[in-house]
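Data block below; observations after.
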Amino acid sequence: MYTAPVFLLSDFGHDDAYVAQMKASVIKVTGTEVLLVDICHTVPAGDILSGAFHLKSSLEHLPEGSVVLAVVDPGVGSSRAGLAARWKGRYVIAPDNGLISLMGTLDDCRKLPEAPEGSSSTFHGRDLFAICAAYAAVDPDWMQTLKKLEEPVKLSFLKNTVSDNAIETTVLHVDHFGNCILNIPDSHREITGVYDRAFSAACDSSLIHTDHYQQGDAKELMLLAGSQGYLELALNGGSAGAFMGIRAGDRVTLSSEKGGLQ
Amino acid sequence: MYTAPVFLLSDFGHDDAYVAQMKASVIKVTGTEVLLVDICHTVPAGDILSGAFHLKSSLEHLPEGSVVLAVVDPGVGSSRAGLAARWKGRYVIAPDNGLISLMGTLDDCRKLPEAPEGSSSTFHGRDLFAICAAYAAVDPDWMQTLKKLEEPVKLSFLKNTVSDNAIETTVLHVDHFGNCILNIPDSHREITGVYDRAFSAACDSSLIHTDHYQQGDAKELMLLAGSQGYLELALNGGSAGAFMGIRAGDRVTLSSEKGGLQ
Amino acid sequence: MYTAPVFLLSDFGHDDAYVAQMKASVIKVTGTEVLLVDICHTVPAGDILSGAFHLKSSLEHLPEGSVVLAVVDPGVGSSRAGLAARWKGRYVIAPDNGLISLMGTLDDCRKLPEAPEGSSSTFHGRDLFAICAAYAAVDPDWMQTLKKLEEPVKLSFLKNTVSDNAIETTVLHVDHFGNCILNIPDSHREITGVYDRAFSAACDSSLIHTDHYQQGDAKELMLLAGSQGYLELALNGGSAGAFMGIRAGDRVTLSSEKGGLQ
């Protein structure tokens, strides 16, 4: 019997045994055949946008059939429901709190059962979600036994504002290297090729367009198509996030001094 | 042949290759069939109480037959022995320095052999304990080949002090979210229901009783049965540890203004 | 079909999904049979010396046949090539930028193919190196299909300076416990037995020789053969790195007041 790999995403950090306890719950269902892979556990505590970014940007790279156990769950124990979502052959098990906000159209979405009798009311990740992820890993049809969830919660997400010669967008994530991932799909690269300045609340900088990180001079802000499906601001050998004074959730404006986007 | 999963706990952190070298030692014995799961490697350096907490709180959640390789070992290379312990069908391989202090009654406890010829005198985790853990993973009867260890080292552990209207206890752990795990089993919840204040050296706060983290208002200290088998102090959306100014090992008093516990 | 374990080393940190995306690339080739083990992902960003140290010190401890996917790659997307190296039955897949500098003589070294069409120009770890590592894991003869790489890049590495009564050397790594790993193989222990002082830019200390970490008194600097194949400076229960004010890459001098090494 094939067991799909289970990828784990959470805000549990690395200083507790919570991730291991979720994995133990998976193994009790699947046996030791399962391949367990950590996506990231340092999502800031309760930060659903950050979790949504990591989930969305990773999902398409996972092998088809993969299951993602995504637990950023500040509302654990309250009335928020859990969900199972299917997207291009991958499965996501998560609380229904907006973690799937960036995934676009779901191929299917179902409501998880209640946490079983005797579950901890503070750790559904271990006592409910991990068990459901294991069910999905051993049986891709398992989620079809659940009731449809018609309208999963989505974050009310600040849209990009496009004007004649500028676009204002949201920083989805600042990565370990200081690269700032913007909410502009990399397929828009041609459109954005005209921009030659970037503004944040703290910084106003000229902007060059490159293909990779070692092209710009140090202190020369670059706009490039990164590896996560979005445009990124980057600095050769430095942190664009520190340079621009921006963090995830902040707004950034790209503009053209020459004017005239359309 | 079945190979049990091996769970790893240490104070090696994430900035060195020490954990990987222990895993390599396991794999050399078991082959690549083994499932390796990290419990936590950020136990503060040499902090046996913290290691003992993570070991105790995780053990009951692991699949039966699991092996835990627990290495918090400030005395490596000295005369301290190593042990193999069995507890409700799980196996623990660890230095004999008190890591098993919170596990209660052991079903069996044996003394590990000496580190093999050529071992590093500064890394028995890799050169002795990991190999023993692998033996236990492939053969649940392996530890019966070892000599009995009659009195494993236990931490002299500050007991709870119970008075008419108060209980003074030890903070076992402050987790990633700031939840303070107290040395009071959650089965005592009824008894503690009378307490309406919590004191630390730095803080005196009123206390409410809840079931999960989103029930209290922000800045309202909660006492609840957490997921680790103990009562916890928590703060909705904040850190109870920072609020109370407490860390693992500190003492906290819960009391009733109405008086009269018994 | 046997699949070799794949060990991963990078400077990607733990706050992004980059490591998971590399693992997903491996799994797409190998299937879920593969055993994936993290060596270390907190190599300082772009620090090839640090990556080279972790690679060298771990390699001999890995099971024969193991594959190491080592990605510290500040030049990603530029003209730097990739390589596959064989060393005592282990395989290394890495950018050709000096990561193999400390491995000594390679048994074979080949040039990787170009990144496939459609690869991200900022993440060859996922789109090229991980795939090559997977090929090596399922077929130990795979690298023989590649062209020879005659002169892989090596770091121009500051040599040790030996005088009559002193040796000046480089700190390769300061570990999680503050132990300072020096670029002196532990096989040189007899030669270094005469040294009784250690100097850094910030500190001048007497030095004792021990076998393990609990032998010295606190604040008594120890020189001992650590577990990583090199001599280490250590402090019982403290950080020798903080005590000496030294970090990886710094120079340290060991000397004998009695004079006369040769």
Side-chain angles (χ1 to χ4, degrees), chain A residues 2-9 13-14 33-44 50-51 53-66 68 90 137 173-179 181 186 210-215 222 224-229 232 234 236-239 248, chain C residues 3 5-6 8 10-38 41-48 71-80 95 97 115 118-131 134 176:
Chain A
Y2 176 75
T3 303
V6 176
F7 290 78
L8 296 95
L9 173 66
H14 295 286
E33 297 304 299
V34 69
L35 181 58
L36 298 162
V37 181
D38 298 305
I39 294 179
C40 176
H41 297 292
T42 56
V43 169
S50 173
F53 167 74
H54 285 303
L55 180 58
K56 192 279 179 213
S57 62
S58 293
L59 212 51
E60 68 177 310
H61 297 290
L62 306 187
E64 272 196 52
S66 293
V68 180
R90 288 83 169 175
H173 180 63
V174 178
D175 81 3
H176 174 65
F177 301 94
N179 304 314
I181 297 165
D186 57 13
T210 66
D211 289 324
H212 60 85
Y213 299 128
Q214 264 195 348
Q215 269 171 294
M222 302 182 278
L224 76 172
S227 63
Q228 303 302 299
E232 295 179 10
N236 183 358
S239 163
Chain C
T3 303
V6 176
L8 296 95
S10 81
D11 62 348
F12 292 154
H14 295 286
D15 297 347
D16 297 293
Y18 300 146
V19 173
Q21 291 179 15
M22 290 203 300
K23 290 177 178 174
S25 288
V26 172
I27 298 167
K28 283 185 206 169
V29 173
T30 61
T32 57
E33 297 304 298
V34 69
L35 181 58
L36 298 163
V37 181
D38 298 305
H41 297 292
T42 56
V43 169
D47 186 338
I48 295 168
V71 185
V72 179
D73 192 16
V76 62
S78 70
S79 61
R80 70 95 193 84
N97 61 10
S119 294
S120 165
S121 57
T122 64
F123 197 3
H124 287 180
R126 178 189 69 199
D127 294 343
L128 172 63
F129 299 128
I131 295 167
H176 174 65

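The sequence lines fix the lettering, A, B, ..., with proteins before strands; numbering per chain opens at 1.
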* Asked: If you measure from OG1 on C/T32 to OH on A/Y2, what distance do you get to the nearest 0.5 Å?
  -> 5.0 Å
* Asked: At a heavy-atom separation under 4.5 Å, does C/D11 approach chain A through its side chain, its backbone, both, or neither?
  -> both
* Counting only heavy atoms closer than 4.5 Å, note whether A/L224 contacts chain C via side chain, backbone, both or neither. => side chain
* Structure fact -> dist A/E60:CD -> C/Q21:CD (nearest 0.5 Å) comes out at 8.5 Å
* To do: Look up atom OH in A/Y213 and atom CG in C/D73, then write down how far apart they are to the nearest 0.5 Å.
  => 11.0 Å
* Asked: Where does C/S120 contact chain A at under 4.5 Å (heavy atoms): side chain, backbone, both or neither?
  -> side chain
* Structure fact -> Sequence neighbours excluded, the answer for ring pair (Phe, Tyr, Trp, His ring centres under 6.0 Å) partners of A/H176 is none
* Side chain, backbone, both or neither: which part of A/L59 has a heavy atom under 4.5 Å from chain C? -> neither
* With chain A, which of C/G75, C/G31, C/G46 has the greatest number of heavy-atom pairs at distances under 4.5 Å? -> C/G75
* Asked: Non-hydrogen atoms of chain C under 4.5 Å away: do they reach the side chain of A/T3, the backbone, both or neither?
  -> backbone
* **Separation between CG of A/L35 and CD1 of C/I27, rounded to the nearest 0.5 Å** => 4.5 Å
* Asked: Relative to chain A, which of C/H14, C/K28, C/R126 shows the most heavy atom pairs under 4.5 Å?
  -> C/R126
* Structure fact -> If you tally heavy-atom pairs under 4.5 Å between each of A/V37, A/D211, A/L62, A/D175 and chain C, the highest tally belongs to A/D175
* **Contacting region of C/V19 [heavy-atom separation from chain A under 4.5 Å]** => neither
* For A/D38, is it the side chain, the backbone, both, or neither that has a heavy atom closer than 4.5 Å to a heavy atom of chain C? -> backbone
* Which pair of non-hydrogen atoms, one from C/T122 and one from A/S227, has the smallest distance, and what is that distance? -> OG1-N, 3.4 Å
* Which region of A/A234, side chain (C-beta onward) or backbone (N, CA, C, O), has a non-hydrogen atom less than 4.5 Å from a non-hydrogen atom of chain C, or is it both or neither? -> neither
* Asked: Yes or no on side chain to side chain contact (heavy atoms under 4.5 Å, CB included) for C/V76 and A/Q214, after CA distance, side-chain angles and deciding distance?
  -> CA-CA 7 Å; C/V76 62; A/Q214 264 195 348; over 6 Å; no
* **Part of C/Y18 lying under 4.5 Å from any heavy atom of chain A** => side chain
* To do: Kindly write out the residues that satisfy side-chain hydrogen bond (donor to acceptor under 3.5 Å, both in side chains) with C/S10, not counting sequence neighbours, or none if the list is empty.
  => C/H41
